[in-house]
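Labels below follow one simple rule: chain letters A, B, ... track the order of the sequence lines, proteins then strands, and each chain is numbered from 1.
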There are 2 protein chains.
Amino acid sequence: MSMHDKILEAAEARLRSGGYGAVSFRDLASDVGVKSASVHYHFPRKEDLGVAVVTAYTEKVFEALGMAMQARTPRDRLAGYIGVFRHALVEEDAICLCAMLGAEARGLPHQVAEAVRVFFQANIDWLDEALANASRKPKSAEIIAALEGAMLLANTMDSIAVFEDVADGLLSRTE
Amino acid sequence: MSMHDKILEAAEARLRSGGYGAVSFRDLASDVGVKSASVHYHFPRKEDLGVAVVTAYTEKVFEALGMAMQARTPRDRLAGYIGVFRHALVEEDAICLCAMLGAEARGLPHQVAEAVRVFFQANIDWLDEALANASRKPKSAEIIAALEGAMLLANTMDSIAVFEDVADGLLSRTE
DNA sequence: GTCTATAATTTGATAGAC
DNA sequence: GTCTATCAAATTATAGAC
């Protein structure tokens, strides 16, 4: 993997566990085995790094969602959508990057906050399309809010039970 | 108001907009019109301040919830509960303190993270009691997750519509 | 691309006068 | 309780050698 991508990966991990203020160039440099000046070579300002991480994260999520869109029924597509979030929470043991940055939105550089908005709008659009044929369903923004909130609570209480309850509730209201 | 409480108030506002890393003793001192050494007099370490803010916030929320518990039906009690969160979002123009700190939980001093856990557990207990007689209702943790997620999304997208949609959905599933 | 070196600022925290 | 003064460390960021 390129140094550019290694830095993005390390920055995503630190952002998702501690937030924007908890990421420093020196820590990232140490994570990937270089000096902080080298991190600045790849991402001149912290804001540049923030935007790049959110953009890369968005692309990664929507690549995974591409397969989920292929499912035959609206409910199966929603199940695939939920699965992407579950994987982020359980396998990567962290909340969604944009749950963290969305919470901090008012205190972020404008371009970073804007990238987070783009992520959520793209999620709304994806769900609108995936569930277009459903006869019964929550609004797209409701689904996203429920899952992001579930991640947040599961993260704090260190229990994924609430996530599964929310997932079951969403699926039972969709057909 | 005492200086102690003024500092708590300023710290809550800064925590809710930017997170733990966005709060500094100097900024708080400037907010309340003293020097940073005076803030340290009231709260020796940042961790002490963090715990105190979460504790005071919890008491404030549960004082408001006291009245909501008096309502006659489970649905009315849930409506009162939702109203406390709506007030925080709309009138104070910020997400719930514990949505922010819950997101950052993994990167917080342990005692601060523990205080956030206490807040959420108390919310679960409150809802369990308030909705004990309901014939049909979401699980308590589902309700909290839905509302916290709705605040997060409303905060990011700068629109309270999603919060109202989530609130309506919760009330319609409760009786 | 990565390094050393460093600038300029901010941060959490303390000592001691008043 | 609040202040001045200060410290040690950390932070974002840049200049210039290799």
Whole-Å distance separating the CG atom of B:D48 from the P atom of C:dG12: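 For the pair B:D48 CG and C:dG12 P, the rounded distance is 13 Å.
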
Using the rule that Ile, Leu, Val, Met, Phe, Trp and Tyr join whenever any side-chain heavy atoms are under 4.5 Å apart, tell me whether B:L171 and B:F85 fall into a single cluster.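 Linked, B:L171 and B:F85 end up in one cluster.
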
Establish, for the pair B:K46 and B:Y20, whether the NZ or CZ atom is under 6.0 angstrom from the six-membered ring centre and no further than 45 degrees off its axis.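 Relative to the ring axis of B:Y20, which defines the angle, B:K46 lies inside both limits.
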
Quick check: do A:M3 and A:Y41 have side-chain heavy atoms less than 4.5 Å from each other? no

Is the ring pair A:H42/A:H4 parallel, tilted or perpendicular, if the boundaries are 30 and 60 degrees? perpendicular

When the ring planes of B:F119 and B:F62 are compared, do they come out parallel, tilted or perpendicular, using 30° and 60° as the limits?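 Perpendicular, since the angle between the ring planes exceeds 60°.
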
In B:L152, B:N155, B:L153, B:I82, the residue satisfying side-chain contact (heavy atoms from CB on, under 4.5 Å) with B:F163 is B:I82

Where along nucleotides 12-18 of chain D does protein come under 4.0 Å, by heavy atom, of base (B) or sugar-phosphate alone (S), with - for untouched nucleotides? BBB----

Among residues 1-17 of chain A, which ones have heavy-atom contacts with DNA chain D below 4.0 Å?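 Going residue by residue through residues 1-17 of chain A, none turns out to have a heavy atom under 4.0 Å of DNA chain D.
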
Scan side-chain atoms only and decide if A:T73 and A:D76 contain a donor-acceptor pair under the 3.5 Å cut-off. yes

Could you tell me whether the phosphate oxygens of C:dG1, OP1 or OP2, come under 4.0 Å of any side-chain nitrogen or oxygen in A:Y41?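 A:Y41 to C:dG1 OP1/OP2: side-chain N or O found under 4.0 Å.
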
Any side-chain N or O of A:S38 less than 4.0 Å from the OP1 or OP2 oxygen of C:dG1? no

Working for side-chain contact (heavy atoms from CB on, under 4.5 Å), residues B:I143 and B:Y81: CA-CA 10 Å; B:I143 294 170; B:Y81 182 83; 4.3 Å; yes

